[in-house]
Amino acid sequence: MAEVGEIIEGCRLPVLRRNQDNEDEWPLAEILSVKDISGRKLFYVHYIDFNKRLDEWVTHERLDLKKIQFPKKEAKTPTKNGLPGSRPGSPEREVKRKVEVVSPATPVPSETAPASVFPQNGAARRAVAAQPGRKRKSNCLGTDEDSQDSSDGIPSAPRMTGSLVSDRSHDDIVTRMKNIECIELGRHRLKPWYFSPYPQELTTLPVLYLCEFCLKYGRSLKCLQRHLTKCDLRHPPGNEIYRKGTISFFEIDGRKNKEKESTEDYNVACILTLPPYQRRGYGKLLIEFSYELSKVEGKTGTPEKPLSDLGLLSYRSYWSQTILEILMGLKSESGERPQITINEISEITSIKKEDVISTLQYLNLINYYKGQYILTLSEDIVDGHERAMLKRLLRIDSKCLHFTPKDWSKRGKW
């Protein structure tokens, strides 16, 4: 068994932690940093295959030293000019990208082929049929809050938590470690999940104080109070385009705050729900609002990709619920099964056709039957969807939206 003094950066070993069910588990973790405080060693660990938000400082009592894996030694490799060079073998210096390739069990259906109702297991459940067509470009999707519960009647993804958009920053030691202990935002105190690029002198403070209106930071409560006497911002920048009850949305000028137009048909770049307000339905509300804007613009949209793990979960959940609402609302005519096409689903929902197809494949609804591709809704899927919709209390009311799409042909005047 290794000694505590032998533990260095790059070592991997099981670390004791409590899971969401309040049970002890020993997942494999990597040591990212070691520090000594008053003669007591602390180890910053990253749990392998878990999101970085779970990274934490632990004491040696939580480490399983019997199963420690030391980092590999650096291997010498030739460089372009033939001189020997070194290639880091330590795990913490290797930038790894985890890509999930999902192969459809059946060919992709045509976007314009009609669909029809088909019962399954003797139950009078709705289904959709479609003909095979062109291949679509495969997407590597990598998704907040609503996505953590699997009550949508759809298969649940591995338990991982994090931000909405995939982290593309360089994976060095500095940015892999949380550097802020705690922030005070309004009446809440929060523990940050990730690295934040604040000045180095602020990272040693026990609490960092942020203005809840403009997000300006201060090193003490006195600094914050002095700032609040000068700060006159009481709502997000821009014009209010939606208000219902206590919920408002504001439109900002993309020229000042983000790209003005997306060439990839992105209708949202990033979604954030602060921790005190998570798991209340705000994530799906933001997603639904982005598609309401796309409907007003008369086009389909998609989120910026690749998505993070939680981004994928949130969007899959929204796409599934929205598409299932359409399919379950189909009515038969003249005793025949009702029909609908992928294009029609996309036009009704403003969800991009590729996302409609990938969602149907993810739900495993596509089946081949008597020469055509059938999308069959099982009883479990329908029941799970109905239960999920009962919990989805926050919805966008299109009547409360006051939004005028921009005329991109006049962009030169802006």
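A 4.5 Å side-chain heavy-atom check between Leu394 and Lys284 finds every atom pair outside the cut-off. Contact annotation: the side chain of Leu202 approaches that of Leu205 to within less than 4.5 Å [non-hydrogen atoms, C-beta and beyond]. Inter-residue side-chain proximity for Leu293 and Leu401 is flagged as met; some heavy-atom pair is nearer than 4.5 Å. Using a 4.5 Å heavy-atom threshold, the side chains of Asn343 and Lys353 count as touching. Contact check for Ile287 versus Phe289: no side-chain heavy atoms found under the 4.5 Å cut-off. Considering only heavy atoms from C-beta on, Tyr315 comes within 4.5 Å of Ile271 through its side chain. For the pair Ile351 and Tyr291, the minimum side-chain heavy-atom distance is below 4.5 Å. With a 4.5 Å cut-off on side-chain heavy atoms, Pro192 and Ile183 count as touching.
A distance of 13.5 Å separates CD1 in Ile323 from CE in Met328, rounded to the nearest 0.5 Å. Ile381 CD1 to Leu327 CG: the interatomic distance, rounded to the nearest 0.5 Å, is 11.0 Å. To the nearest 0.5 Å, atom CG of residue Leu274 and atom CG of residue Leu190 are 7.0 Å apart. Rounded to the nearest 0.5 Å, atoms CD1 (Ile357) and NZ (Lys352) are 11.5 Å apart. Here the straight-line distance linking atom CZ of Arg279 with atom OG1 of Thr273 works out to 12.5 Å at 0.5 Å rounding. In this structure, Leu228 CG and Cys223 SG are separated by 11.0 Å, a value rounded to the nearest 0.5 Å.
With hydrogens and angles left out, the side-chain atoms of Asn179 and Tyr194 include no donor and acceptor closer than 3.5 Å. The closest side-chain donor-acceptor pair between Tyr47 and Glu56 falls under 3.5 angstrom. If you check the side chains of Glu240 and Ser248, you find a donor sitting under 3.5 Å from an acceptor.
A donor-acceptor pair under 3.5 Å links the side-chain atoms of Ser294 to the main chain of Ser290, judged by distance alone. A donor-acceptor pair under 3.5 Å is formed between the side chain of Glu6 and the backbone N or O of Glu3. Using modelled atom types, no side-chain atom of Glu181 and backbone atom of Lys191 make a donor-acceptor pair closer than 3.5 Å. No donor-acceptor pair closer than 3.5 Å links the side chain of Gln321 to the backbone N or O of Tyr318. Judged by distance alone, with hydrogens and angles left aside, the side-chain atoms of Asp21 form no donor-acceptor pair with the main-chain N or O of Glu23 at under 3.5 Å.
Salt bridge Arg62/Asp24: absent, no basic N to carboxylate O contact under 4.0 Å. Salt bridge absent: Lys295 and Glu347 never bring a charged side-chain N and a carboxylate O closer than 4.0 Å. In summary, Lys35 and Glu9 do not engage in a salt bridge, as defined by a charged side-chain N under 4.0 Å from a carboxylate O. Note on Arg395 versus Glu325: salt bridge recorded, some NZ/NE/NH1/NH2 to OD/OE distance being below 4.0 Å.
Centroid-to-centroid, the aromatic rings of His402 and Phe249 stay 6.0 Å apart or farther.
Residues Tyr282 and Ile247 come closest through the heavy atom pair CE2-CD1, 4.3 Å. Ile68 and Ala2 get closest at one heavy-atom pair: CG2-CB, 3.8 Å. The nearest pair of heavy atoms linking Asn22 to Arg18 is OD1-NH1, 3.0 Å. Listed here is the closest heavy atom pair of Phe403 and Ile241: CD1-CD1, 4.1 Å. Tyr242 and Asp397 get closest at one heavy-atom pair: OH-N, 3.0 Å. Of all the heavy atoms in Pro303 and Asp355, the pair that sits closest is CD-OD2, 4.2 Å.
Listed by chain and number, the residues in a side-chain contact (heavy atoms from CB on, under 4.5 Å) with Asp55 are Leu32, Tyr44, His46, Lys52, Lys178 (sequence neighbours excluded).
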(message) The test is side-chain contact (heavy atoms from CB on, under 4.5 Å); show your working for Val34 and Leu42 and say whether it passes.
(response) CA-CA 6 Å; Val34 182; Leu42 294 176; over 6 Å; no
(request) Please assess Glu30 against Ile48 for the test side-chain contact (heavy atoms from CB on, under 4.5 Å), listing each intermediate value before the final yes or no. (result) CA-CA 7 Å; Glu30 178 183 342; Ile48 308 300; 3.9 Å; yes
(request) Check the pair Val382, Leu324 against side-chain contact (heavy atoms from CB on, under 4.5 Å), reporting the backbone distance first and the verdict last. (result) CA-CA 8 Å; Val382 174; Leu324 287 173; over 6 Å; no
(request) Show your working on side-chain contact (heavy atoms from CB on, under 4.5 Å) between Arg17 and Leu54 and close with a plain yes or no. (result) CA-CA 10 Å; Arg17 69 177 297 271; Leu54 300 178; 3.9 Å; yes
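Pairs engaging residues 217-238 under the side chain to side chain donor-acceptor pair (under 3.5 Å) rule: none recorded [sequence neighbours left out].
No more than 12 heavy-atom neighbours from other residues, nucleotides or ligands sit within 6.0 angstrom of CD on Gln200.
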